[in-house]
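Here the structure comes first, spelled out in structure tokens, and everything after it is commentary.
Note that the structure is predicted; figures quoted are calculated from it, not measured. Atom set for the values below is all heavy atoms of this structure, side chains included, hydrogens, waters and symmetry mates excluded. Each chain gets a letter, A, B and so on, in the order the sequences are listed, and its residues count up from 1.
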Amino acid sequence: MAESEVLLEVRRNPLETTMMVNMGPQHPSTHGVLRLVLTLEGERVVDAKPDIGYLHTGMEKLAEHKKYQHVITITDRTDYLNAMGNNLGYVLAVEKMLGVEVPPRAQVIRVMMAELQRIASHLVWIGTHGLDLGAMSLFFYAFAEREKILQLFEAVSGGRLTPSYLRIGGVMADLPEGFTARVLDFCREFPRALEEFDRLLTHNPIFRMRTEGVGRLSAEEAIRWGVTGPSLRASGVPYDLRRVHPYSGYETYDFDVPTRTEGDVYARYLVRVQEMRESLKIIRQAVEKLPPGPVKCDDPRVSLPPREKMLTQMDALIYHFLLTAEGLKVPPSEVYVAVESPRGELGYYIVSDGGPMPYRVHIRAPSFANVQALPLMVRGQLIADVVAVIASIDIVLGEIDR
Amino acid sequence: MEGQEHQTRRHIFQQRFGPHIVEAKEQWGELTFVIAREALIEICQALRDDPAFDYKMLVDLCGVDRGVGADPRFEVVYHLYSLTHRHRLRLKVRVNEEEAVPSVTGIWPNANWYEREVYDMFGVRFEGHPELRRLLMPEDWEGYPLRKDYPLRGYRG
């Protein structure tokens with residue numbers, strides 16, 4: 001592409017006023033390594049062309065060379081703000097192919113983790129969104145709250161950003177002692193932080209002027225371009241997989257799916273802020289209904305036997321060896337499972353040929369579809385608004401480039 | 001409920017496009033049709049516009065290499081979703097290396113990047129695509145990384 005060598009090009013003809021400007025991949029407001037080739041007329045954006053691939057690490061290829069249980073660690077690293085949610089989508093897909101029954105306690109724990117992760121992800125979004133528009137102090141408040149969630153993750157799994165906590169057939173280990181009390185503490189304190197965010201941004205006249213009516217996306221266009229998640233719901237389509245195609249027992253929780261009809265940056269902002277409140281509701285219910293019992297399915301062909309059994313019983317030792325050395329026996333088939341990530345529909349398409357490693361793993365990344373619709377939202381806007389729009393669709397380049 | 005929805009969709013689909021169906025499958029509650037490449041555009045157009053189908057959303061599009069010796073070697077997989085019927089459908093077309101798949105960018109504009117990715121990773125060409133060039137790999141890259149004969153490590157074997 002000829003554009004790629006051009007940093008800044010001013011047309012020779014002085015009467016022709018369009019100019020091409022390269023934004024990114026190192027621009028701080030592109031949230032990673034997104035590159036935009038903007039065609040400008042003065043400060044107005046005539047066209048924008050996203051250029052991706054700077055973070056391509058071949059995760060789908062890598063997944064074809066790892067056993068099913070080892071691919072979980074790769075999923076952590078695709079959308080690095082939603083590690084628990086990625087784990088969940090992947091293990092649900094493999095469990096569907098195996099026909100595994102997940103114990104109720106593990107299901108509730110999974111929902112709890114996925115919703116904590118959603119809040120943590122939205123906190124990164126709100127912090128950086130504010131930062132991009134000049135509201136710097138919010139960034140520190142948001143990251144201080146997020147830190148509390150990351151510490152909870154560290155307590156259950158030992159990892160903060162890449163917990164790899166979920167397992168095929170359950171979760172890695174039961175919750176540590178006093179964990180639910182810590183979660184409830186968080187649930188009690190967090191609404192106060194949300195109120196503070198409201199004071200700082202929601203009712204802030206400067207923030208509203210920068211976001212209201214900016215970067216509109218109509219419902220029809222959003223559907224045509226496969227946009228999902230809060231960006232779609234802010235355009236008035238109440239499509240939330242937790243509600244439409246419930247998984248992991250989401251149908252038993254009481255929560256609302258916030259939508260707006262304006263489809264602008266401010267609407268997307270309001271939807272996400274409200275989603276944090278709804279997630280909080282789900283987490284409280286999860287703590288309440290957390291049943292006793294095992295956190296892993298007891299099928300020895302799927303999950304490792306408990307350590308004590310492995311050390312004392314011959315058959316447990318054999319299963320342990322088989323599962324580690326030979327891997328899972330997944331029948332030759334294909335499956336597509338989608339979950340609601342903080343950014344939209346996260347789908348895993350897995351093809352099995354009966355071997356211990358997946359034959360093909362394709363990750364349907366919500367950001368990939370959402371960023372492709374970016375030009376629609378920024379055409380006709382000012383160049384400063386591009387920053388606001390990018391922040392409002394909350395992209396993670398790790399899952400776009402995979 | 002979902003099973004019933006499958007039955008109706010399956011029935012209508014088979015009635016309308018019977019001669020173009022190469023293979024029909026229902027597994028794990030997911031409906032898959034392998035269809036003839038030549039009929040792809042016609043079928044996709046109907047799937048989007050006919051209210052009986054109403055698959056307004058192209059959720060995902062990806063490629064699969066069926067193996068070096070397979071004939072046809074590649075599969076292009078389309079995941080469609082209908083918001084009104086709350087139904088998912090998987091379509092597939094099969095294609096060999098020297099053949100091309102008609103592009104669905106005219107029906108679902110977001111197929112643009114997805115088809116570019118399939119071209120980038122598998123070398124499958126899409127006829128009628130507005131700008132078929134690599135998406136994730138560098139422009140001057142040689143080879144197609146997700147093909148089964150492409151090594152995981154080491155440069156060119």
Next on the checklist: Suppose we call two aromatic rings close when their centres sit under 6.0 Å apart. Are B:Y114 and A:H362 close by that rule?
Outcome noted: no
Rounded to the nearest 0.5 Å, how far does [atom2] of [Y] lie from [atom1] of [X]?
X      : Y      : atom1 : atom2 : answer
A:E64  : B:K148 : CD    : NZ    : 3.5 Å
B:M121 : A:H56  : CE    : NE2   : 3.5 Å
A:S333 : B:E30  : OG    : CD    : 9.0 Å
A:Y336 : B:R88  : OH    : CZ    : 5.0 Å
B:N110 : A:E221 : CG    : CD    : 11.0 Å
B:W108 : A:R224 : CH2   : CZ    : 12.0 Å

Taking side chain as everything from C-beta outward and backbone as N, CA, C, O, which of these in [X] sits under 4.5 Å from a heavy atom of chain A? Side chain, backbone, both or neither.
X      : answer
B:R134 : neither
B:P109 : both
B:R147 : backbone
B:D120 : neither
B:L146 : both

Checklist entry - Does atom CD of B:E99 have more than 12 heavy-atom neighbours, drawn from other residues, nucleotides or ligands, at distances under 6.0 Å? => result yes
Checklist entry - Around atom CZ of A:R379, are there more than 12 heavy atoms of other residues, nucleotides or ligands at under 6.0 Å? => result yes
Item to check | Contact class of A:I363 relative to chain B, heavy atoms under 4.5 angstrom | outcome: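 For A:I363, neither part sits under 4.5 Å from chain B.
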Checklist entry - Contact part of A:L55 toward chain B, heavy-atom cut-off under 4.5 Å: side chain, backbone, both or neither? => result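 Contact with chain B: none, neither part.
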Next on the checklist: So does B:V59 get a backbone contact from the side chain of A:E345, meaning a donor-acceptor N/O pair under 3.5 Å?
Outcome noted: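 No.
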Salt bridge or not between [X] and [Y]? Use side-chain N to carboxylate O under 4.0 Å.
X      : Y      : answer
B:E117 : A:R364 : no
A:R360 : B:E75  : no
A:E334 : B:R90  : yes

So, for [X] and [Y], which heavy atoms are closest and what is the spacing to 0.1 Å?
X      : Y      : value
B:G67  : A:Y359 : N-OH, 3.2 Å
A:I400 : B:L136 : O-CD2, 4.2 Å
A:Y349 : B:H79  : CD1-CE1, 3.5 Å
B:M57  : A:I223 : CG-O, 3.6 Å

Checklist entry - Based on non-hydrogen pairs under 4.5 Å, which of A:R402, A:K96, A:K61 is most in contact with chain B? => result A:K61
Checklist entry - Once the angle between the rings of A:H245 and B:Y81 is folded into 0 to 90°, is it parallel (under 30°), tilted (30 to 60°) or perpendicular (over 60°)? => result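 Geometry flag for B:Y81 against A:H245: perpendicular rings.
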Item to check | Residues in residues 35-46 of chain B near chain A [non-hydrogen atoms, under 4.5 Å] | outcome: none
